[in-house]
Amino acid sequence: MATVLAIETSCDETAVAIVKNRQVLSSIVSSQVAIHRQYGGVVPEVASRQHVEIVNQAIAQSLAEANLQWSAIDGIAATCTPGLVGALLVGLTAAKTLALIHHKPFLGIHHLEGHLYASYLSDPTLKPPFLCLLVSGGHTSLIYVKDCGLYEILGQTRDDAAGEAFDKVARLLGLGYPGGPILDRLAAEGNPKAFPLPEGQVSQPEGGYHPYDSSFSGLKTAVLRLTQKLQQTEQPLPIEDLAASFQATVARALTKRAIACALDYGLTTIAIGGGVAANSGLRQHLQAAASQHNLKVMFPPMKYCTDNAAMIGCAAAEHLERGHTSPLTLGALSRLPVSDVMKLYQTEF
Ligand code: KG4
Ligand code: ZN
């Protein structure tokens with residue numbers, strides 16, 4: 001059973017965790033949200049500097065909370081792609097340095113593979129094959145999970161990611177950043193049927209619509225137009241109804257595609273991952289639709305939906321068990337398809 005110390009610095013969370021296979025021994029997450037909020041989004045340079053300030057302290061804290069010495073650690077991992085290159089470099093450099101000093105194997109981990117592994121933290125017995133609906137601030141993908149490191153992307157967004165749509169709609173409603181949790185709270189007080197909104201379908205060249213791809217930019221524009229129209233009336237903006245209608249439309253769009261994909265590929269389990277996996281509307285909608293089709297839905301624990309290092313450690317522990325390690329020449333990559341994950345374990349990169 002491999003014990004891994006994992007570092008995650010791909011965006012605005014400085015996170016360090018120690019994971020023994022699928023068991024979290026410690027998980028430190030230091031969020032920079034309060035700093036970036038004043039700019040309405042993540043400022044890459046500010047994020048990198050914050051990671052530098054915090055990462056060493058978080059590493060020490062993770063060891064202290066797990067009550068472990070370096071001798072108990074079998075490998076050191078860091079998210080190396082996708083993400084903000086300057087931010088990724090901080091965690092990656094820390095992990096490679098520690099691996100050298102302590103003579104431990106080093107592993108670069110794909111951030112999306114981490115999100116996909118978050119469901120193993122709620123059910124360690126989960127086994128491929130299954131379908132992963134990965135919905136974060138930067139990605140919206142349907143991934144066929146065949147084995148550790150073996151992934152096929154079956155559907156994705158053609159424009160905005162689901163989390164990005166939440167953030168943009170919250171911003172246009174003047175609600176602050178990040179938008180997902182704020183809209184989720186407001187939606188609970190509103191009527192999801194108050195405003196019909198377009199789900200966003202992707203046309204195929206041969207006619208009809210793509211069954212698994214999504215598009216959220218039209219929905220965001222529709223909310224903008226509707227808001228502008230409502231602002232022309234004397235009435236206060238029905239913010240809760242707008243939030244509920246928007247959230248229900250996103251939940252419906254994602255659920256429809258995930259269920260169709262699982263049924264078409266004969267997959268009986270859908271695991272959801274990424275920040276939007278915390279969304280209560282999506283959780284309810286997907287659970288209800290899946291039960292109708294006798295499909296099982298796996299949700300990560302709430303604290304492991306948004307960025308954290310426990311999910312990175314969980315993926316790393318399994319790779320390490322399989323003998324996968326990365327060369328110290330591995331650098332930060334702003335993007336890499338999750339289907340190319342095994343490239344991170346080649347001797348040269
Ligand atoms: O996975 P994550 O922490 O970072 C990325 O890898 O992108 O996801 C962050 C995204 C943000 O867009 C945020 O608004 C969204 O997840 N999010 C939510 C909720 N909590 C976080 N979206 C909808 N409902 C939520 N409860
Ligand atoms: Zn993420």
Side-chain angles (χ1 to χ4, degrees), residues 6-15 17 27 29-33 36-37 40-42 44 47 78-84 87-88 91 109-119 121 132-141 143 156-157 160-173 175-188 190 192 216 219-220 243-244 246-255 271-286 299-312 314-315 334-336 338:
I7 308 175
E8 155 63 47
T9 61
S10 66
C11 193
D12 60 345
E13 247 85 43
T14 316
S27 175
V29 181
S30 171
S31 177
Q32 305 175 6
V33 160
H36 296 286
R37 190 172 283 137
V42 178
T79 306
C80 62
T81 187
L84 304 169
L88 286 166
I109 297 291
H110 194 292
H111 183 76
L112 298 192
E113 189 180 34
H115 276 305
L116 186 158
Y117 263 79
S119 284
L121 296 173
C132 177
L133 169 63
L134 208 152
V135 273
S136 69
H139 294 84
T140 296
S141 311
I143 302 167
Q156 47 199 333
T157 177
D160 294 345
E164 191 180 357
F166 271 94
D167 294 339
K168 286 181 174 172
V169 165
R171 191 191 300 186
L172 72 87
L173 293 172
L175 297 173
Y177 171 85
I182 305 171
L183 286 171
D184 198 351
R185 271 196 304 278
L186 287 166
F216 292 112
L219 169 60
K220 172 200 64 197
F246 166 75
Q247 179 168 292
T249 309
V250 174
R252 213 169 36 240
L254 292 171
T255 297
I272 175 164
V276 185
N279 186 262
S280 53
L282 177 60
R283 285 183 170 233
Q284 283 160 19
H285 213 82
L286 187 60
F299 297 102
M302 280 302 234
K303 62 180 171 183
Y304 300 134
C305 287
T306 46
D307 288 351
N308 65 87
M311 64 184 194
I312 304 297
C314 187
S334 64
R335 51 184 63 220
L336 178 81
V338 72

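Note that ligands are numbered from 1 as they come in the structure, with each ligand's atoms numbered from 1 the same way. Atom set for the values below is all heavy atoms of this structure, side chains included, hydrogens, waters and symmetry mates excluded.
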May I ask whether H111 has any heavy atom positioned less than 4.0 angstrom from an atom of ligand 1?
yes

Heavy-atom gap G138 to ligand 1 smaller than 4.0 Å:
yes

Protein heavy-atom partner closest to [atom] - residue, atom, separation in Å:
{"atom": "atom 21 (C) of ligand 1", "answer": "G275 O, 3.4 Å"}
{"atom": "atom 7 (O) of ligand 1", "answer": "G137 N, 2.8 Å"}
{"atom": "atom 14 (O) of ligand 1", "answer": "D167 OD1, 2.7 Å"}
{"atom": "atom 2 (P) of ligand 1", "answer": "D307 OD1, 3.3 Å"}
{"atom": "atom 22 (N) of ligand 1", "answer": "G180 CA, 3.3 Å"}

Tell me the closest heavy-atom pair linking Y177 and R37, and the distance in Å.
O-NE, 2.9 Å

Do you know the tightest heavy-atom contact between S280 and Q247?
OG-NE2, 4.1 Å

Which bit of [X] gets closer than 4.0 Å to ligand 1, counting heavy atoms only: side chain, backbone, both or neither?
{"X": "E13", "answer": "neither"}
{"X": "N279", "answer": "both"}
{"X": "H139", "answer": "neither"}
{"X": "V276", "answer": "both"}

Give a yes/no answer: is there an N/O/S atom of C11 under 2.8 Å from the Zn ion (ligand 2)?
no

So, is H115 placed with an N/O/S atom under 2.8 Å from the Zn ion (ligand 2), counting both backbone and side chain?
yes

Name, closest N/O/S atom of H111 to the Zn ion (ligand 2)
NE2

Any idea which N/O/S atom from D307 gets closest to the Zn ion (ligand 2)?
OD1

Without swapping roles, check the side chain of R171 against the backbone of G179 for a donor-acceptor pair under 3.5 Å.
no

Between the main-chain N or O of L112 and the side-chain N or O of H110, is there a donor-acceptor pair closer than 3.5 Å?
yes

side-chain contact (heavy atoms from CB on, under 4.5 Å) assessment of I109 paired with T81
CA-CA 7 Å; I109 297 291; T81 187; over 6 Å; no

side-chain contact (heavy atoms from CB on, under 4.5 Å) involving L121 - partner list, sequence neighbours excluded
V24, P301, Y304, A310, C314

